[in-house]
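To keep things clear, I will list the structure first and then write my remarks on it.
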2 protein chains.
Amino acid sequence: MPTKVHQRTRSDHASEVAEDYVEAIADAIADRGICRAVELVNQFGVTHATVNNTIKRLQRDGLVKTAPYQPIELTERGKRLASQSRRRHEIVQAFLQKLGVSARTAATDSEGIEHHVSKETLGAMKRVLDNGWPTG
Amino acid sequence: MPTKVHQRTRSDHASEVAEDYVEAIADAIADRGICRAVELVNQFGVTHATVNNTIKRLQRDGLVKTAPYQPIELTERGKRLASQSRRRHEIVQAFLQKLGVSARTAATDSEGIEHHVSKETLGAMKRVLDNGWPTG
DNA sequence: CGGCTAAGTTAGCCGCGGCTAAGTTTGATT
DNA sequence: AATCAAACTTAGCCGCGGCTAACTTAGCCG
Ligand SMILES: [Mn+2]
Ligand SMILES: [Mn+2]
Ligand SMILES: [Mn+2]
Ligand SMILES: [Mn+2]
């Protein structure tokens with residue numbers, strides 16, 4: 001069954017942009033009360049046109065709600081996905097730092113790694129953060 | 001600053017398919033002396049047409065060499081990329097298992113994670129495999 | 001040799017996630 | 001109220017990595 005391995009990776013990538021966007025939108029709303037597209041432009045280093053297209057897909061998929069020239073809001077589903085993604089991201093990043101990796105590298109690497117971490121692996125990382133390194 | 005984070009992830013993804021393919025081609029050649037497209041079809045769970053397109057891109061990029069109806073070979077660059085990718089993949093997979101993750105999950109998760117692991121993080125994982133868990 | 005099957009090729013299509021260029025809306029400043 | 005800059009939208013383009021359908025080649029076996 002090595003076939004399924006790569007299919008899982010492809011499926012991870014299909015939800016990756018959505019996870020990063022809802023997380024960023026939730027952060028902006030938490031920080032400034034509102035999320036405007038220009039913040040996502042800066043956050044992700046892409047153009048306004050790209051943000052627009054992406055937001056349209058997210059709206060189609062029921063994760064965000066917006067209207068022309070209006071701020072971007074999260075649906076309930078979007079909020080749930082954002083908080084799950086945020087929690088997973090934080091655990092991965094903290095784990096890498098606990099491993100001895102610099103904060104800067106942990107921030108960079110965790111941004112990609114987070115999307116490929118299964119429940120089981122996340123649990124193992126969390127356990128280390130809570131209880132220290134495994135014995136043996 | 002945070003902008004570049006996502007650009008790194010996007011750049012990781014741009015080389016991901018190439019890394020997985022040259023690794024698979026090198027494995028096939030090591031195991032059976034030859035790599036035929038059909039092996040990649042099975043390995044990755046995609047169609048023959050997709051493998052064909054991908055191999056054309058890899059050839060364009062100087063990683064593989066082939067001709068119609070002939071086996072697929074690696075260039076020197078392809079061989080170097082394959083062995084680097086293989087080493088990194090093995091370290092990530094072994095590290096996850098050492099963390100207590102099952103072999104099956106380690107195989108699945110490492111297939112995506114490997115492409116986002118920087119030199120620094122790889123070094124930290126290797127250190128654990130060689131010298132055990134960090135102190136503290 | 002002829003046929004059949006597996007392997008490979010080609011054409012044409014799709015959605016995603018990027019981009020540029022050009023135009024529109026908004027809201028603050030004067 | 002008019003102006004202007006920033007924010008936003010839209011149209012049109014691209015390459016990647018998927019797919020199906022139809023065809024071709026290679027090679028084995030009767
Ligand atoms: Mn994230
Ligand atoms: Mn991410
Ligand atoms: Mn991989
Ligand atoms: Mn990835």
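For the numbers below, each heavy atom of this structure counts, side chains included, while hydrogens, waters and symmetry mates do not. Numbers restart at 1 for each chain; the letters A, B, ... are given by sequence-line order, proteins then strands. Since this is a predicted model, take the numbers as computed values, not measurements.
One interatomic measurement links the two molecules: NE2 of H13(B) to C1' of dG18(C), which rounds to 15 Å at whole-angstrom precision. Counting to the nearest Å, the P atom of dG17(C) and the NZ atom of K56(A) are 14 Å from each other. Residue D61(A) contributes atom CG, which lies 14 Å from atom C1' of dG17(C) at whole-angstrom precision. Note: CD (Q7(B)) to C1' (dG17(C)) measures 14 Å, nearest angstrom. For the pair H6(B) NE2 and dG18(C) P, the interatomic distance rounds to 11 Å; values are reported in whole Å. With rounding to whole Å, Y69(B) atom OH is found 9 Å from dT24(D) atom P. D12(A) places its CG atom 16 Å from the C1' atom of dC16(C), with the value rounded to the nearest Å. Rounded to an integer number of Å, the gap from L40(A) CG to dG18(C) C1' is 16 Å.
Comparing E16(A) and V38(B) along DNA chain C, the residue whose closest nucleotide (by nearest heavy atom) sits nearer the 5' end is V38(B). The 5' end of DNA chain C is approached more closely, in terms of each residue's nearest nucleotide, by T50(A) than by the other of Q70(A) and T50(A). Where N53(A) and P71(A) meet DNA chain D, the nucleotide closest to each residue was compared, and P71(A) sits on the side nearer the 5' end.
Of the candidate nucleotides dC19(C), dC19(D), dT9(C), dC19(C) has the atom lying nearest to any side-chain atom of T47(A). You'll find that the side chain of P68(A) is closest to dT9(D), out of dC16(C), dG17(C), dT9(D). Nearest to the side-chain atoms of A37(B) among the listed nucleotides dT9(D), dG8(C), dC16(C) stands dG8(C). For A49(A), the listed nucleotide lying nearest its side chain is dA21(C); candidates were dC16(D), dA21(D), dA21(C).
Here the side chain of T105(A) pairs no donor or acceptor atom with the backbone of E120(B) at under 3.5 angstrom.
Checking the phosphate oxygens (OP1, OP2) of dG17(C), no side-chain nitrogen or oxygen of R10(B) falls inside 4.0 Å. Phosphate proximity of dG8(C) to H48(B): present, with a side-chain N or O under 4.0 Å from OP1 or OP2. Between T54(A) and dG17(C) there is no side-chain polar atom (N or O) within less than 4.0 angstrom of OP1 or OP2. Residue N52(A) places at least one side-chain N or O closer than 4.0 Å to OP1 or OP2 of dT9(D). A sub-4.0 Å separation between OP1 or OP2 of dA26(D) and a side-chain N or O of R36(B) is absent. For the OP1/OP2 pair of dG15(D) and a distance below 4.0 Å, the side-chain nitrogens and oxygens of R57(B) include no atom meeting the criterion.
Distance OG1/T108(B) to CD/Q93(B): 9.0 Å, rounded to 0.5 Å. To the nearest 0.5 Å, atoms CG (L81(B)) and CG (L74(B)) are separated by 9.0 Å.
When heavy atoms are screened at a 4.0 angstrom cut-off, V17(A) is found touching the sugar-phosphate backbone but no base atom.
Looking at K126(B) and R87(B), their side chains come closer than 4.5 Å, going by heavy atoms from C-beta outward.
In a base pair of the Watson-Crick type (N1 to N3 plus N6-O4 or O6-N4) or a G-U wobble (N1-O2 and O6-N3), with each distance short of 3.5 Å, dA1(D) is matched with dT30(C). In this entry dG30(D) has dC1(C) as its Watson-Crick or G-U wobble partner, both defining distances falling under 3.5 Å. With a cut-off of 3.5 Å on both pairing distances, the Watson-Crick or G-U wobble partner of dG18(C) is dC13(D).
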Apply ring pair (Phe, Tyr, Trp, His ring centres under 6.0 Å) to H13(A) and H116(A), showing your working. CA-CA 8 Å; H13(A) 287 155; H116(A) 303 287; 4.7 Å; yes
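The aromatic rings of W133(A) and W133(B) lie parallel to each other, with less than 30° between the two planes, well short of the 60° mark.
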